[in-house]
Amino acid sequence: MITRAIYMDNNATTPVDPVVLEVMLPYFTEKFGNAASRNHAYGWEAEEAVENARAQIAAAVGADPKEIIFTSGATESNNLALKGVAEVYREKGNHIITVVTEHKCILDSAKYLEQHGCRITYLPVKPDGLIDLAELEAAITPETVLISVMFANNEIGVIQPVAEIAKIAKSHGVLFHTDAAQALGKVPIDVQALGIDLMSMSGHKLYGPKGIGALYVRRKNPRVRLEAQLHGGGHERGMRSGTLYVPLIVGMGAAAERAVQNLEVEAARTRKLRERLLEQITGRLSEVYVNGSLEHRLSGNLNLSFAFVEGEALLMGLNDTVALSSGSACTSASLEPSYVLKALGVGDELAHSSLRFGIGRFNTEEDIDRTSAKIVEVVNRLREMSPLWEMHQEGIDLKQMAWPPTDFLLPTAHPERIPGHAVQR
Ligand SMILES: Cc1ncc(COP(=O)(O)O)c(C=O)c1O
């Protein structure tokens with residue numbers, strides 16, 4: 001019998017919760033109507049299900065149901081937010097501010113807009129992954145129409161100061177968009193209290209299905225206007241045409257409702273699991289570093305660099321036991337080190353030696369114990385094969401040598417940058 005590896009890559013995607021699947025199933029079979037069919041019960045039934053899901057999502061984030069637009073996922077929501085705002089507000093200005101550590105779908109949308117007459121400011125981040133609010137404010141000009149800063153990062157889980165960003169944006173009359181694909185269901189979100197104008201969400205990050213997402217678009221104070229990016233039957237108040245995928249919408253609604261109901265308890269549980277994992281790993285291995293702030297972070301996320309070990313080799317040694325991502329493989333098919341880790345100032349070698357742990361709803365203490373035991377075993381085995389590790393153990397100062405390259409897997413390339421967060425033992 002093949003035993004499946006533990007799944008601990010919940011920032012990449014989450015399994016559909018069986019309770020959510022149960023709610024979705026009838027909409028694939030007997031309740032198959034088109035939500036836009038106004039002439040018969042099949043259509044009415046589908047429309048009712050869509051509106052129920054819209055209300056569930058709105059309630060999960062403190063919005064009005066009319067402010068929720070269904071899309072195919074956070075990628076589409078982010079494209080619609082950036083391009084939709086840029087087109088409508090062009091008369092006011094053409095400047096957008098975002099951050100270097102955003103998801104590629106924000107960065108690539110920004111790049112596209114740059115090719116079409118927009119000016120984009122890409123804010124840097126501090127070594128802990130947070131933006132500098134003074135730098136944000138200084139970047140605003142009379143031409144600025146939008147600030148887009150992600151709620152929580154997909155690689156390092158770092159949570160940005162969203163309420164403060166919104167306040168700055170509002171005081172300058174600039175719209176504020178946040179990509180909350182990773183945050184929804186893990187961090188309490190109230191778009192009114194936080195002052196968010198547009199917010200992207202995704203079904204498959206919160207134990208709902210893939211291929212479905214939503215965009216929150218504020219209707220009052222201010223009323224945000226958007227240029228549609230998909231034209232057709234005028235669905236979703238004309239902002240996103242296309243026949244609604246009812247089963248997925250129903251699934252996302254149920255998933256959002258369930259995620260926020262159990263939010264506090266689940267966040268505390270996953271935080272404890274993360275602490276257990278970190279303690280077990282750093283208690284038994286030296287030269288392990290935490291990437292990004294531990295304080296301002298999603299409870300289930302951990303991103304670690306293991307000096308003197310190559311991340312891909314580490315993953316290969318682990319993948320019969322646990323499914324994780326590395327800081328080099330997750331961004332693209334190439335083995336470029338993660339641009340997010342590089343933005344924190346992590347050297348190439350330590351970025352290449354990083355692993356992302358995404359602890360989720362179905363992980364247990366036993367998963368943590370098995371994962372840490374295997375990591376310790378594989379890291380020790382790989383380090384034993386490394387001549388650099390041997391030299392390091394003998395106390396040879398590798399920095400003083402002409403060979404190897406100066407920052408080659410040296411812990412000194414990385415620590416001290418995050419006081420209190422670099423775990424060195
Ligand atoms: C922060 C963030 N934004 C956007 C996306 C894209 O979401 P989707 O897969 O729903 O298009 C992801 C998923 O990887 C993400 O983590």
Side-chain angles (χ1 to χ4, degrees), residues 7-16 20 53 57 60-61 68-83 98-112 122 125 129-131 148-160 162 165 177-187 189 196 198-216 229-230 240 242 245 248-249 251-253 255-256 259 292 296-303 323-327 329-333 338-341 343 356-360:
Y7 187 74
M8 211 178 281
D9 200 11
N10 289 286
N11 294 109
T13 194
T14 55
V16 175
V20 170
I57 293 166
V61 300
I68 304 295
I69 299 172
F70 286 111
T71 65
S72 62
T75 299
E76 187 188 333
S77 300
N78 285 338
N79 272 263
L80 176 57
L82 264 66
K83 295 174 189 172
T98 188
V99 183
V100 290
T101 50
E102 293 289 313
H103 192 271
K104 279 286 179 195
C105 56
I106 290 283
L107 296 176
D108 287 354
S109 295
K111 222 181 286 168
Y112 169 88
Y122 299 91
V125 291
L130 292 161
I131 62 164
S148 179
V149 178
M150 70 201 317
F151 209 121
N153 184 271
N154 43 301
E155 290 189 37
I156 52 175
V158 167
I159 299 169
Q160 297 290 350
V162 167
I165 296 169
H177 165 255
T178 189
D179 173 358
Q182 293 287 344
L184 181 59
K186 297 176 208 150
V187 184
I189 299 180
I196 295 165
L198 299 117
M199 183 171 80
S200 301
M201 301 169 256
S202 175
H204 73 100
K205 309 285 185 181
L206 57 133
Y207 307 91
K210 294 169 185 58
I212 185 72
L215 180 66
Y216 158 76
Q229 301 300 305
L230 286 180
R240 202 277 188 181
Y245 199 158
L248 301 191
I249 288 173
M252 184 172 172
H296 304 280
R297 194 183 195 102
L298 295 174
S299 55
N301 174 284
L302 190 59
N303 191 308
L324 300 168
S325 285
S326 87
C330 58
T331 47
S332 69
S338 149
Y339 67 91
V340 172
L341 297 185
R356 176 183 68 178
F357 301 83
I359 300 165

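One-based numbering, in listed order, for ligands and for the atoms of each.
- In terms of protein heavy-atom proximity, atom 16 (O) of ligand 1 is nearest to Q182 NE2, 2.8 Å.
- Some N or O of K205 is nearer than 3.5 Å to an N or O of ligand 1, by distance alone.
- The closest protein non-hydrogen atom to atom 4 (C) of ligand 1 is D179 OD2, 3.5 Å.
- With sequence neighbours left out, the salt bridge (charged side-chain N to carboxylate O under 4.0 Å, His left out) criterion links R297 to no other residue.
- For atom 8 (P) of ligand 1, the closest heavy atom belonging to the protein is A74 N, 3.6 Å.
- When only interatomic distances are considered, the shortest N/O to N/O separation between S72 and ligand 1 does not fall below 3.5 Å.
- When only interatomic distances are considered, the shortest N/O to N/O separation between A12 and ligand 1 does not fall below 3.5 Å.
- Nearest residue to atom 15 (C) of ligand 1 from M201, H103, E155 is H103 (criterion: closest heavy atom).
- Residue, atom and distance of the protein heavy atom nearest to atom 10 (O) of ligand 1 are S202 OG, 2.7 Å.
- Look at H204 and you'll find a heavy atom under 4.0 Å from some atom of ligand 1.
- Considering backbone and side-chain N/O atoms, E76 never comes within less than 3.5 Å of an N/O atom of ligand 1.
- At a heavy-atom cutoff of 4.0 Å, ligand 1 is contacted by both the backbone and the side chain of T75.
- Under a 4.0 Å heavy-atom criterion, G213 is not in contact with ligand 1.
- Within the structure, side chain to side chain donor-acceptor pair (under 3.5 Å) pairs that include any residue of residues 199-208 comprise T13-H204, N78-S200, H177-S200 (at least two apart or interchain).
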